[in-house]
Structures are given as structure tokens and as C-alpha cells.
Enquirer: 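Structure provided below as C-alpha cells; questions to follow.
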Amino acid sequence: MINLSDGYAPPPESSKFDPGDVIQHLRYGYRGVIVDFDPSCQAPDHWYQSNQTQPDRNQAWYHVLVDGNQQVTYVAESNLNYDQSGLPVVHGMLNLFFSGYNEEENKYLRNEVPWNPGNPPDAPPPSPPPDFEPPPPPNS
């Protein structure tokens, strides 16, 4: 007899983080901003097997623009925490997916440009609101 409940956990109903949240990786310490997420790991098996930590696939996984370089990572929710530094994120694709920054919430404002790796959007991102002021650089 096959027991269908062994090893199965339903995908989470909600995620801890939202697009625009500034996070820090618990193990590796890098900071970044969440651009999109999947309710469970959507990476192919060969990618997952090559992941050194192999966190549970049945949790939210986030696409993160990494601060200070051009890297985008795919990270399990259990490896993330909110960044408390209040420092801005510096990444070349930040202005493509975000139209502003809320200093009080330490959160970037996600625009309507879809996250679609490997398939860039047909149109440039919308212009920021007229009253938008970019965050100050670190140490200002």
C-alpha cells in the first residue's frame, strides 16, 4: 500500500517577506532586496541538489537582488531575516523593478515590471513619482 502523505507538505499559504523588503541572509550575511517569490522551490532538481544547504523545498523561496554587486540569488525563507541596518541596497537592476523607497518601513516600492528571468520586459520601467527622492548613499 502506498501512503501518499509521506514526505508531502502542502505549499505555504503565505510568505513572511514581500517584494521590496530588505533582507539579510542568515548564513552568508549578504543583504539584498526581494524582487519576487515562489510559494515553494521552483528550481530544477539538479540545481536543488547542488545547493549546499538544501533547505526544505516546501516553503517560500525568494528572488533577491544582492546589495553591492550584480548577483541575483534564489533563497529559502528559512535562510532570511529582515535587515535592520537601514542602509540602501545598491544593485544595477534596482530601478528596473522598484519605483521608490519607504524609509520608515525600510522597504522598496515594487513597480509593475514583471519578474521574468531570461526574458526582459518589452518596455522600460515607469518613471518614478515626481516627488520621489532616492535614498541617500551610505555614510552620508
Side-chain angles (χ1 to χ4, degrees):
M1 176 177 218
I2 298 174
N3 186 345
L4 296 178
S5 65
D6 284 348
Y8 174 76
E13 294 298 318
S14 63
S15 59
K16 177 179 178 180
F17 304 101
D18 294 315
D21 286 342
V22 180
I23 54 79
Q24 183 169 30
H25 195 284
L26 294 172
R27 183 172 185 168
Y28 300 118
Y30 66 80
R31 299 173 54 254
V33 60
I34 294 172
V35 68
D36 199 14
F37 73 95
D38 298 319
S40 62
C41 183
Q42 301 300 304
D45 285 336
H46 70 275
W47 179 92
Y48 181 76
Q49 296 302 323
S50 71
N51 185 319
Q52 292 179 1
T53 60
Q54 293 185 353
D56 184 6
R57 291 183 77 124
N58 290 315
Q59 62 180 310
W61 283 67
Y62 299 88
H63 301 273
V64 176
L65 304 180
V66 178
D67 179 46
N69 67 41
Q70 298 302 309
Q71 187 176 8
V72 178
T73 59
Y74 192 52
V75 188
E77 183 171 278
S78 61
N79 287 331
L80 298 177
N81 207 349
Y82 289 102
D83 174 67
Q84 302 298 318
S85 72
L87 296 172
V89 171
V90 177
H91 192 282
M93 293 193 303
L94 193 70
N95 290 336
L96 179 62
F97 297 107
F98 299 96
S99 60
Y101 179 72
N102 181 329
E103 286 185 48
E104 291 176 9
E105 294 182 15
N106 190 30
K107 183 173 182 143
Y108 287 85
L109 307 174
R110 184 71 163 90
N111 61 28
E112 299 297 319
V113 174
W115 172 255
N116 194 2
N119 190 8
D122 293 332
S127 299
D131 60 344
F132 171 69
E133 291 186 30
N139 303 324
S140 62

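All residue numbers in this chain count up from 1 along the given sequence.
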Enquirer: When hydrophobic residues are tied together by side-chain contacts of less than 4.5 Å, even through go-betweens, does Tyr30 share a cluster with Tyr82?
Expert: yes

Enquirer: Keeping Arg57 on the side-chain end and Tyr48 on the backbone end, is there a donor-acceptor pair under 3.5 Å?
Expert: no

Enquirer: Of the non-hydrogen atoms in Tyr108 and Val89, which two are nearest, and what is the gap between them?
Expert: OH-N, 2.8 Å

Enquirer: Enter the distance from Asp83:CG to Asp21:CG here, rounded to the nearest 0.5 Å.
Expert: 10.5 Å

Enquirer: May I ask you to decide if Tyr62's main-chain N or O and Glu77's side chain share a donor-acceptor pair within less than 3.5 Å?
Expert: no

Enquirer: May I ask you to test the Val33-His91 pair for a side-chain heavy-atom distance under 4.5 Å?
Expert: no

Enquirer: Counting only N and O atoms by type, is there a donor-acceptor contact under 3.5 Å from the side chain of Asp67 to the main-chain atoms of Val90?
Expert: yes

Enquirer: Membership question, hydrophobic clusters at under 4.5 Å side-chain separation (ILVMFWY): are Phe97 and Phe17 in the same one?
Expert: no

Enquirer: So, does Gln59 use its side chain to make a donor-acceptor pair with the main chain of Asp56 at under 3.5 Å?
Expert: yes

Enquirer: Answer with yes or no whether the hydrophobic clustering places Tyr101 together with Phe98; edges join I, L, V, M, F, W, Y residues whose side-chain heavy atoms lie under 4.5 Å apart.
Expert: yes

Enquirer: Has the side chain of Asp36 got a donor or acceptor atom that lies under 3.5 Å from a matching backbone atom of Pro19?
Expert: no

Enquirer: Check for me, please, whether Ile34 and Leu26 land in the same ILVMFWY cluster - side-chain distances under 4.5 Å, paths through other members count.
Expert: no

Enquirer: Does any part of the side chain of Arg110, heavy atoms only, come nearer than 4.5 Å to the side chain of Trp115, both counted from C-beta?
Expert: yes

Enquirer: Any donor-acceptor pair under 3.5 Å linking the side chain of Gln24 with the backbone of Gly29?
Expert: yes

Enquirer: Check for a donor-acceptor pair, side chain of Asn79 on one end and backbone N or O of Arg27 on the other, with a separation under 3.5 Å.
Expert: no

Enquirer: Minimum heavy-atom separation for Trp61 and Ser40, please, with both atom names.
Expert: CD1-C, 3.9 Å

Enquirer: Are any of the side-chain heavy atoms of Val72 and Met93 separated by less than 4.5 Å?
Expert: yes

Enquirer: So, Tyr74 side chain and Gln42 main chain: donor-acceptor pair closer than 3.5 Å or not?
Expert: yes

Enquirer: Restricting to non-hydrogen atoms, name the atom on Leu80 and the atom on Lys16 that form the minimum distance, rounded to 0.1 Å.
Expert: O-NZ, 4.3 Å

Enquirer: Roughly how far apart are Asp18 CG and Ile23 CD1, rounded to 0.5 Å?
Expert: 13.0 Å

Enquirer: Got Tyr28 and Thr73 here, is their nearest side-chain heavy-atom distance under 4.5 Å?
Expert: no

Enquirer: Hey, quick one: are Leu94 and Val113 part of the same hydrophobic cluster, counting side-chain heavy atoms closer than 4.5 Å, chains of contacts allowed?
Expert: yes

Enquirer: For the residue pair His63 and Asp38, what are the closest heavy atoms and their distance?
Expert: NE2-OD2, 3.4 Å

